[in-house]
**Student:** 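Got a structure for you, questions after.
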Amino acid sequence: MRGVVQGVGFRPFVYQIATKHNLKGWVCNTSGDVKIEVEGERRALDRFLDDLVKLAPPLARLEDIAVTSRPPQGYTGFEIRHSIAEEGKYQLVSPDIATCEPCLKEILDPRDRRYRYPFTNCTNCGPRFTIIEDIPYDRPQTTMRSFKMCHQCQQEYDNPLDRRFHAQPNACPKCGPSLSLVDSNGGSVETDDALAAASRLLKEGRILAIKGLGGFLLACDATNEKAVRLLRERKRRPFKPLAIMVATLDEARRHCQVSEKEEELLTSAQCPIVLLKRNKESTVSPSVAPNLKYLGVMLPYTPLHHILLGETALPLVMTSGNLSEEPIAKDNDEALRRLKGIADYFLLHNRDIYSRYDDSVAIVELDKPQIVRRARAYAPYPVHLLFPSKQVLACGAELKNTFCLTKDNYAFVSQHIGDLENLETMEHFETTLELYKKLFRIEPEVVAYDMHPEYLSTKYARALAEQRKDLRFVPVQHHHAHIVSCMVENGVDSPVIGISFDGTGYGTDGHIWGGEFLIADYKGFERAGHLEYVPMPGGAVAIERPYRMAVSYLLTLLGKDALTPDLTFLKKVSKDEIALIKTQLDKKINSPLTSSSGRLFDAVSALIGIRGRIDYEAQAAIEMEMAADEGERGSYRFAIVEQDGVSVVHLKELFSDILSDLKENVPQAKIAMKFHRTMADMIVQMSQWLSWRSGIRKVALSGGVFQNRLLLRLTADALGKAGFEVLTHSQVPTNDGGVSLGQAVIANFVVTE
Ligand code: ZN
Ligand code: ZN
Ligand code: FE
């Protein structure tokens, strides 16, 4: 049997059904799969096979069962044999899974020996991927190796009828990991109940760093405005939304609207952060998610969280334990060093985390779950490929980096690594890559990387190229990778019209792309159309200050008379800076050309007075989405102009229409909505035109701009009505976190040519 069949209670399950049907033989884990040999009557064997598939444990995922017949060996019983390590073989590893019901019952039961024990787990739940160092998945290959099981735990572990039979992280208060509470200097806090003390501190408004499954989370009372503000200040993160954890589904409903599908996602064994529409009555402090309609909410996924949330009886902010864009801290001393000055106290434990693992973030949109940040409980489960792939390493993009390794019919997209902007994150990239190579026995023969020369992931690939002349290296265009990523996860391998809308991507002409209409397949693409180019005055500065983009669009498209003094957005910008922007544009100093749709959203947001400076990626666009009045039906004009066989979307009319609306004091919310509708119109018209040209009826939507739920809804709706088959993301993010998957598949096909 192949699939996720180890560390999920599979062997005891096999033992039970074999015994039930009175079959003899054995079951055994190897590095590659689970092998079963059973002998008995033909009918009993058939029933055994039936049960094997139908009754498999909740976390098991069967991918493949191969059956062969052998002469009977005359076994006298059924046994579970020791694991066998096999050279070069690999198998799927289960991600970490939220606490199951029976375990939860135990920790809440004062008579149980695991009452309030924060490291309770069983074969159906608990840590997996974060503690595993190599396969086969056995205790000595995990960070649990330093804990020797007590007599009782060992009995559970050895008993095939026990829920904890071969549960590798099995532990109890007597023999397992334990908590300790220390202050910000690492001095231990005297208490005989660290968890109760931590709950008290949280209720008093303190900020705690809490060691969890895949790293440290920073926690505070989410209803305490002062505490939340202090956390933001110390974390140097003024606006970016923070996630909260609430005790129960009912509690989630008190703060947010929860649809049926959202409930399913929230309460799933993956237990991701789900972005939910916030209720007006919610007591969660406004600073948790300033200017946003949504709250990122998750339920407790470890016993520690369950106890903490139960005892504080408060919604708690739970955000990655890091300073701004660094990776999440995972080791005790590392946390004490890096989170000093942020946390007042540290709730530590002594079970080491082998692999860093952020919380996953998901939404329900277009009636299906869509992953926004893919990490805990999703990675390292692979994306399935329609074809057997070469062993490819794809290095991914720069922001929200993931890498991807392929082998056989699997694409192992790594967990969210982060923004590759500093040494720590790059280290996280490299150590995680080594782990995946080891776990899945992959030695890449092909390396794919983004064409952007400055991405650290690109530099990593180029440095590798210097050392390894035996490997093939394939540069991949960013937006092509986005579209192929979307095709792959939808199981589509015929050409598509690809709408790739995002912030930044290096184009084959050296300009910055991001409003791209492609005709694409796995091997290549034609840039059939794009938004017209405008300069980005100041380069990267124009991303942080969207008003610069607004000035650029106005001056470039409408001429210098367009910057009239009555434009309110200009009042917040110094005269000197405006003069500087003008010079940069006139003299073409540090003003790269861009066709980015992200920059277009930024410009409009700034122009209509929503946001001129940002604190986190896409903030201006996000706040414009939040502001849009969905009842507004109007839209603006634009033009599609053929230039040398490429369809360029001209935006002059769009901007002059917005200026007239501003002059007539049309409310911001209405302009925002009209703009969204215009973008959807644009995509539909371009799709129709490209479909007429190519005969293709499938449209793939990918790129970070489609995290805009309003735009995604409008676009998918309109494309559907126009008769297109619409492909959108679900398993991997539409943002740059999904790029590595596309890169890997493209490289596989390019070298096969
Ligand atoms: Zn359990
Ligand atoms: Zn024990
Ligand atoms: Fe992108």
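As the structure lists them, so they are numbered: ligands from 1, and atoms in each ligand from 1.
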**Student:** Under 4.5 Å between any side-chain heavy atoms of His452 and Lys459, yes or no?
**Tutor:** no
**Student:** Which of these, Phe601, Phe517, Trp513, sits in a ring-ring contact (aromatic ring centres under 6.0 Å, His included) with Phe501?
**Tutor:**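 Result for ring-ring contact (aromatic ring centres under 6.0 Å, His included) with Phe501: Phe517.
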**Student:** Of Asn735, Asp736, Thr734, which meets side-chain hydrogen bond (donor to acceptor under 3.5 Å, both in side chains) against His482?
**Tutor:**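 By the side-chain hydrogen bond (donor to acceptor under 3.5 Å, both in side chains) criterion, His482 pairs with just one of Asn735, Asp736, Thr734: Asp736.
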**Student:** Should the pair Arg376 and Tyr301 be classed as cation-pi, given the thresholds of under 6.0 Å to the six-membered ring centre and 45° from the axis?
**Tutor:**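 Flagged: Arg376 positioned over aromatic ring of Tyr301.
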**Student:** Both conditions, 6.0 Å and 45 degrees, for the charged tip of Arg128 above the ring of Tyr137: are they met here?
**Tutor:**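 Pair Arg128/Tyr137 does not count as cation-pi.
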**Student:** What angle, to the nearest 10°, do the atoms OD1 (Asp736) and NE2 (His478) form about the Fe ion (ligand 3)?
**Tutor:** 100°
**Student:** Quick one: angle Cys103 SG - the Zn ion (ligand 1) - Cys125 SG, to the nearest 10°?
**Tutor:**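 Value, to the nearest 10 degrees: 100°.
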**Student:** State, to the nearest 10 degrees, the angle whose vertex is the Zn ion (ligand 2) and whose arms point to SG of Cys150 and SG of Cys175.
**Tutor:**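 It rounds to 120°.
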**Student:** Can you name the N/O/S atom of Asp502 that is nearest the Fe ion (ligand 3)?
**Tutor:**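 The Fe ion (ligand 3) is closest to the Asp502 atom OD2, counting only N, O or S.
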**Student:** Quick check on the Fe ion (ligand 3): does His479 put an N/O/S atom closer than 2.8 Å to it?
**Tutor:**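 It does not: His479 brings no N, O or S atom closer than 2.8 Å to the Fe ion (ligand 3).
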